[in-house]
Amino acid sequence: MPVSDEAASTVPDVLAGLSGIRSDVEDWYRDLHSHPELGFGERRTSSLLAEHLRGWGFSVTGGIGGTGVVGVLANGDGHVVLLRAELDALPIREQTGLAYASRVTGSEGGTQAAMHACGHDVHMACLLGAARLLAQTPDVWQGTLVVLFQPSEENGAGARAMVADGLAELIPRPDVALAQHVFHAPASYVGIRPGLFLAAADTLRVVLHGRGAHGSQPEAAVDPVVLAAMVVLRLQTIVAREIAAADRAVVTVGSIRAGEGANIIPDAAELLINVWTFDEDVRTRVIEAIGRMVRAECQASRAPREPEIERLSSFPLTVNDSEVTERVAAAFGWHFGDAAGTADSLTPSDDFSDIPRALGAPSTFWVIGGTDPDAYAAAERAGTVAQDIPVNHSPRFAPVLQPTLDTGVRALVTAALAWLAPVTRSS
């Protein structure tokens, strides 16, 4: 789908103001990065965002789904475009060494460490930048802009919480919903693809019950630590031996908790397991295999009780609408040139799709790079990208400010104006 001359000519009109707000976008990013808040606790963050939006003329509603914020800017007849970013951080102690590193480092008093290790601070700063640029150029576009800041994306609950709290009644129905994510590609890169893009994800909590005893008398115990180790190893065979090579799945045990002392065999062990899949049938088979293997290992170890298996979170597949994606991709190609490309499907997940699905709007989701291009190129030449380039959720994940932030702002503006550009322009 080609980009209309009207849409193409409007983008430079809006982005002409980027140089004037660039330092503000960078300041917003540094502030958000320094003050991360975990899911459904993003009170400072949401208050700050709402204050900015009100100052630019948006009609703002806060507290949606807990801490969600939406701003609506009506600017005449036309399409309704929704742009989304996430509020929450991760429970990670930052190790970037940045001058503006997270100030939430955890303490013995119970405060949990937090860090924007997934890039949501980039997303928020870029969406603020795009909102401000569009708000200060109402004479060059028409329609309605909806900016949505969603809580608690990391546990897959925030989008559903906003929907359940009446989101559809609080905003005009979008004609299209758009979102982006920064990841460990060279900064200035923009990638999008039609169809299946991000994996579905499920988080399971498994409690293995044993029988505690003195560490010197294992014969009197059913050791849940050994049982947990056997379960972890056994789970690795799901992908290796039960999933076809043509299919894709990832099973990761991210947490094991058991015991309080070296000379005590505990009564129980807890595993937290993440599953990523690209097909609903594969998803069902992997979840079933986890339950089957966990129960079998418990039986083999003479566990006194059946294991507890609980699904803590579930993320949908992210499937980009083909027509919307074609339109955005054409706009990106026109604006970014060779820096825009077709992205590979990715194993991380996101709950963004829950919002457009509930609102009945087609959607697309794209990625931008955040890694210093020279550092990435050097790692590529050395064959050490996996070792040298921190990825999302790493305590060392630190997108370079520029051109990452400029790219994110430009991408949001360019995509939005593919629908918001005026039908006619005065001569």
Side-chain angles (χ1 to χ4, degrees), residues 1-26 28 49 52-60 70-85 123-149 171-180 188 190 192 323-337 339-340 361-364 366 368 403 405-427:
M1 180 180 295
V3 182
S4 71
D5 292 340
E6 291 292 340
S9 62
T10 304
V11 172
D13 291 340
V14 176
L15 290 179
L18 180 55
S19 60
I21 70 164
R22 181 173 292 120
S23 62
D24 290 334
V25 176
E26 293 173 359
W28 299 331
L49 300 173
H52 283 306
L53 294 175
R54 288 192 183 98
W56 303 331
F58 284 79
S59 174
V60 177
V70 292
V72 179
L73 186 64
N75 189 36
D77 295 333
H79 290 111
V80 178
V81 175
L82 184 149
L83 303 177
R84 172 267 203 175
H123 307 165
M124 288 185 283
C126 291
L127 184 49
L128 282 176
R132 181 169 172 182
L133 289 176
L134 288 161
Q136 68 189 28
T137 54
D139 56 325
V140 300
W141 62 272
Q142 63 187 49
T144 298
L145 174 66
V146 179
V147 293
L148 184 150
F149 292 94
I171 62 172
R173 182 183 177 278
D175 292 297
V176 65
L178 309 170
Q180 66 183 4
S188 78
V190 180
I192 193 169
E323 291 186 7
V324 171
T325 303
E326 183 182 2
R327 192 165 178 169
V328 173
F332 285 168
W334 177 87
H335 180 71
F336 290 104
S363 64
T364 197
W366 64 87
I368 62 172
L405 295 175
D406 274 9
T407 301
V409 173
R410 290 163 59 201
L412 288 169
V413 168
T414 300
L417 287 175
W419 280 267
L420 293 177
V423 176
T424 59
R425 292 170 62 89
S426 58
S427 57

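Nothing here was measured: the structure is a model prediction, and the numbers come from that model. Starting from 1, each residue takes its place in the sequence as its number. Note that these values count all heavy atoms, side chains included, but never hydrogens, waters or copies made by symmetry.
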Minimum heavy-atom distance Pro138-Ala135, with the two atoms named:
CD-O, 3.5 Å

Could you tell me whether the side chain of Asp24 reaches within less than 4.5 Å of the side chain of Arg132, counting heavy atoms only?
yes

Could you tell me whether the side chain of Val72 reaches within less than 4.5 Å of the side chain of Thr144, counting heavy atoms only?
yes

At what distance, to the nearest 0.5 angstrom, does CG of Leu128 lie from CH2 of Trp28?
5.5 Å

Is a side-chain N or O of Asp175 found less than 3.5 angstrom from the main chain of Val80, in a donor-acceptor match?
yes

Work out which heavy atom in Leu133 is nearest to a heavy atom in Leu15; give both atom names and the distance.
CD1-CD2, 4.0 Å

Students often mix this up, so state it plainly: with edges at 30° and 60°, are the rings of Phe336 and Phe332 parallel, tilted or perpendicular?
perpendicular

Which distance, rounded to the nearest 0.5 Å, do you find between the CG of Leu134 and the CG of Leu417?
5.5 Å

Which pair of heavy atoms, one from Ala131 and one from Val147, lies closest together, and at what distance?
CB-CG1, 4.1 Å

What's the separation between atom CG in Leu127 and atom CG in Leu148, rounded to the nearest 0.5 Å?
8.5 Å

Exercise: identify the closest heavy-atom pair between Phe149 and Leu53
CE1-CD1, 3.9 Å

Can you check whether Gly408's main-chain N or O pairs, donor with acceptor, with Gln180's side chain at less than 3.5 Å?
yes

One pair to check against side chain to side chain contact (heavy atoms under 4.5 Å, CB included): Val413 and Leu18. What are the steps and the verdict?
CA-CA 11 Å; Val413 168; Leu18 180 55; over 6 Å; no

For Arg22, the salt bridge (charged side-chain N to carboxylate O under 4.0 Å, His left out) test, sequence neighbours excluded, returns Asp406

Supply the atom-to-atom distance Arg327 CZ to Trp419 CH2, rounded to the nearest 0.5 angstrom.
5.0 Å

May I ask you to decide if Ala179's main-chain N or O and Trp366's side chain share a donor-acceptor pair within less than 3.5 Å?
no

Please name the pair of heavy atoms, one in Thr10 and one in Val140, separated by the smallest distance, quoted to 0.1 Å.
CG2-O, 3.0 Å

List the steps and the verdict of side chain to side chain contact (heavy atoms under 4.5 Å, CB included) for Val81 and Leu83.
CA-CA 7 Å; Val81 175; Leu83 303 177; 4.1 Å; yes

Mind checking the OG1-CD1 spacing from Thr325 to Ile192? Nearest 0.5 Å is all I need.
5.0 Å

Apply side chain to side chain contact (heavy atoms under 4.5 Å, CB included) to Val324 and Leu178, showing your working.
CA-CA 9 Å; Val324 171; Leu178 309 170; 4.2 Å; yes

Hey, what do you get for NE2 (His123) to CG (Leu412), rounding to the nearest 0.5 Å?
9.5 Å

side-chain hydrogen bond (donor to acceptor under 3.5 Å, both in side chains) against Arg410, all qualifying residues, sequence neighbours excluded
His335

On a heavy-atom basis, which atom in Ala339 and which in Ser188 lie closest, and how many Å separate them?
CB-O, 3.4 Å

Side chain to side chain contact (heavy atoms under 4.5 Å, CB included) between Glu26 and Leu405: does it pass, once the steps are laid out?
CA-CA 7 Å; Glu26 293 173 359; Leu405 295 175; 3.8 Å; yes

Between the side chain of Asn75 and the main-chain N/O of Trp141, is any donor-acceptor distance below 3.5 Å?
yes

Are Pro172 and Val146 close enough that some pair of their side-chain heavy atoms sits under 4.5 Å apart?
yes

